[in-house]
Engineer: 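Let me begin by handing over the structure; questions about it come next.
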Amino acid sequence: MELKNLQTGLSNLRGEISIPGDKSISHRSIMFGAIAEGKTVVANFLLGEDCLSTIECFRKLGVQIEQKDGEVIVHGKGFDGLMEPSDILDVGNSGTTIRLIMGILSGRPFHSVLLGDESIAKRPMTRVTKPLAQFGAVINGRNNGEFTPLSVAGRQLKGAVYELPVASAQVKSALLFAGLQAEGKTTIIEPEKTRDHTERMIRAFGGTVNVNEGSISIDGGQSLTATDIYVPGDISSAAFFLVAGAIIPNSEIHLKNVGLNSTRSGIIDVMSAMGADFDIIPTTTDVDKEPVGDIIVRSSSLKATVVSGTIIPRLIDEIPIIALLATQAEGTTVIKDAEELKVKETNRIDTVVNELKKLGAQIEATPDGMIIKGKTKLKGGSTVSSHGDHRIGMMLAIAAAICSDKVLLEKEEAISVSYPNFFAHLESLM
Ligand code: S3P
């Protein structure tokens, strides 16, 4: 296996980078473009492997999708324009693709089969298949519908009321896709507010969705109309450079074009609580659109914090890099209420704790999170692994930057799932 020799002992990171498109919004732009009528032009689409898997799945469903001059153009023909695929739909590593597409396929009058990589094969699917069954969906899989391969026997769905047992935007979104094509009304009750890109996009495509305190309702039988989408930069990708700027000495990084949707910006609140030195310059003010801005982050003197409760869904994907940040903060940082980390691309409690320990961090796993003692000098002198998880790979590359000894990274290629030019951006700041 080829190992990547990570840059260590960086004395500063300075300059400006433009953050690549948001993964969640990129997936949804293809899905909505496909089920809407007309031509949807998507600008700043994330050409990462996960989003390319979504494009390939919809091509197999008969949707014409072009990639031209940095834009993606989806020629939608409405829900009825989707056709029975003659081949398996391969979602690769993408949990968002497989979970959201089930909400679409379960209401289409044809058969389809979903398969992904070895990480997807371990990720729980009954969180989507069970509520969809209440809508009348018929989805089978290994272990009573828990694991891939999944087969979907699509049919006319009926709207339902469903209370989510876990806060999950993927489950909510799958049910909204089902509800859009069902007979009658659908209401989803969320234990905590999760990312609302799907709700925003229903409106952008001319649909109606009612968002109340703790619940979301939509009427079935809606038809959507194509629109142009601008995908803001992914705050989950920006997070690696936000933390890099704060923990690497003599640094000042200007992150351009970062999505600042409040359902995603928990890391900003955590960095504030830890005393990080940064400024936010909002660049859009249109309240109906996804908010966007620039962030300038500088080397900071940090203090520990507690990360728990309702903030967790607002920063769930940033916990690996927040754990690294905490190793450089004075005091003990506690992350709790984050059991969901166990069912991400890897068990992120275990992978974060085990890999950061190899570099010299004082970090322990708990049943629902981790405890990190700072401030610790990370040493390195070890081989670490992404375990095939893009966010673990990027976190380790930033961790290596503050190590004194050599660090080698196994499975570097996982990073292209969400940030293909991550190392180019990192090098441009050196
Ligand atoms: C996502 C929702 C989150 C997140 C994932 C993307 C989405 O997953 O971790 O990376 O695009 O809806 P859950 O819904 O499982 O929390």
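These numbers were taken from a predicted model, which means no experiment stands behind them. Atoms within a ligand are numbered from 1 in the order they appear, just like the ligands themselves.
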Engineer: Test of understanding: given a 4.0 Å heavy-atom threshold, classify the contact between Arg28 and ligand 1 as side chain, backbone, both, or neither.
Structural biologist: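 For Arg28, the contact with ligand 1 is made by the side chain alone.
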Engineer: Please check if the number of heavy atoms outside Glu118 that lie under 6.0 Å from its CD is greater than 12.
Structural biologist: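 Open: at most 12 neighbouring heavy atoms sit under 6.0 Å from CD of Glu118.
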Engineer: Report yes or no: do Thr351 and Thr346 form a side-chain donor-acceptor pair below 3.5 Å?
Structural biologist: yes
Engineer: Please list, in number order, the atoms of ligand 1 under 4.0 Å from a heavy atom of Ala169.
Structural biologist: 12 (O), 14 (O)
Engineer: Looking only at protein heavy atoms, identify the closest one to atom 4 (C) of ligand 1 and say how far it is in Å.
Structural biologist: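 Scanning the protein heavy atoms, the shortest distance from atom 4 (C) of ligand 1 goes to Asp317 OD2, 3.3 Å.
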Engineer: Does only the side chain of Arg195 get under 4.0 Å from ligand 1, or the backbone, or both, or neither? Count heavy atoms.
Structural biologist: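 Within the 4.0 Å criterion, Arg195 contacts ligand 1 through side-chain atoms alone.
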Engineer: Of Thr327, Ile247, Val407, which meets side-chain contact (heavy atoms from CB on, under 4.5 Å) against Leu378?
Structural biologist: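 Answer to the side-chain contact (heavy atoms from CB on, under 4.5 Å) test with Leu378 among Thr327, Ile247, Val407: Thr327.
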Engineer: Is a donor on one side and an acceptor on the other found under 3.5 Å between the side chain of Lys185 and the backbone of Gly159?
Structural biologist: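 Not confirmed, Lys185 side chain does not pair with Gly159 backbone.
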Engineer: Nearest to atom 6 (C) of ligand 1 by heavy atom, Ile312, Thr97, Thr96: which?
Structural biologist: Thr96
Engineer: To the nearest 0.5 Å, tell me how far Ile349 CD1 sits from Lys344 NZ.
Structural biologist: 11.5 Å
Engineer: Using a 4.0 Å heavy-atom cut-off, say whether Lys344 meets ligand 1 through its side chain, its backbone, both or neither.
Structural biologist: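 Contact part for Lys344 vs ligand 1: side chain (C-beta onward).
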Engineer: Has ligand 1 got any nitrogen or oxygen that is less than 3.5 angstrom from a nitrogen or oxygen of Arg391?
Structural biologist: no
Engineer: Quick one: which ligand 1 atoms are inside 4.0 Å of a heavy atom on Ser168?
Structural biologist: 13 (P), 14 (O), 15 (O), 16 (O)
Engineer: Relative to the heavy atoms of Ile316, which atoms of ligand 1 are at a distance of less than 4.0 Å?
Structural biologist: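 With Ile316 as reference, the close atoms of ligand 1 come out as 9 (O).
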Engineer: Side-chain donor-acceptor pairs under 3.5 Å in residues 69-81, sequence neighbours left out?
Structural biologist:
residue : atom : partner : partner atom : Å
His75   : NE2  : Glu66   : OE2          : 2.5
Asp80   : OD1  : Arg108  : NH1          : 3.1

Engineer: With atom 11 (O) of ligand 1 as the reference point, say which of Ser24, Ala167, Ser26 has the nearest heavy atom.
Structural biologist: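 Selected option, by shortest heavy-atom distance: Ser24.
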Engineer: Can you list, pair by pair, the side-chain donor-acceptor contacts under 3.5 Å of residues 30-42, counting residues two or more places apart and other chains?
Structural biologist:
residue : atom : partner : partner atom : Å
Thr40   : OG1  : Thr227  : N            : 3.4
Thr40   : OG1  : Thr227  : O            : 3.4

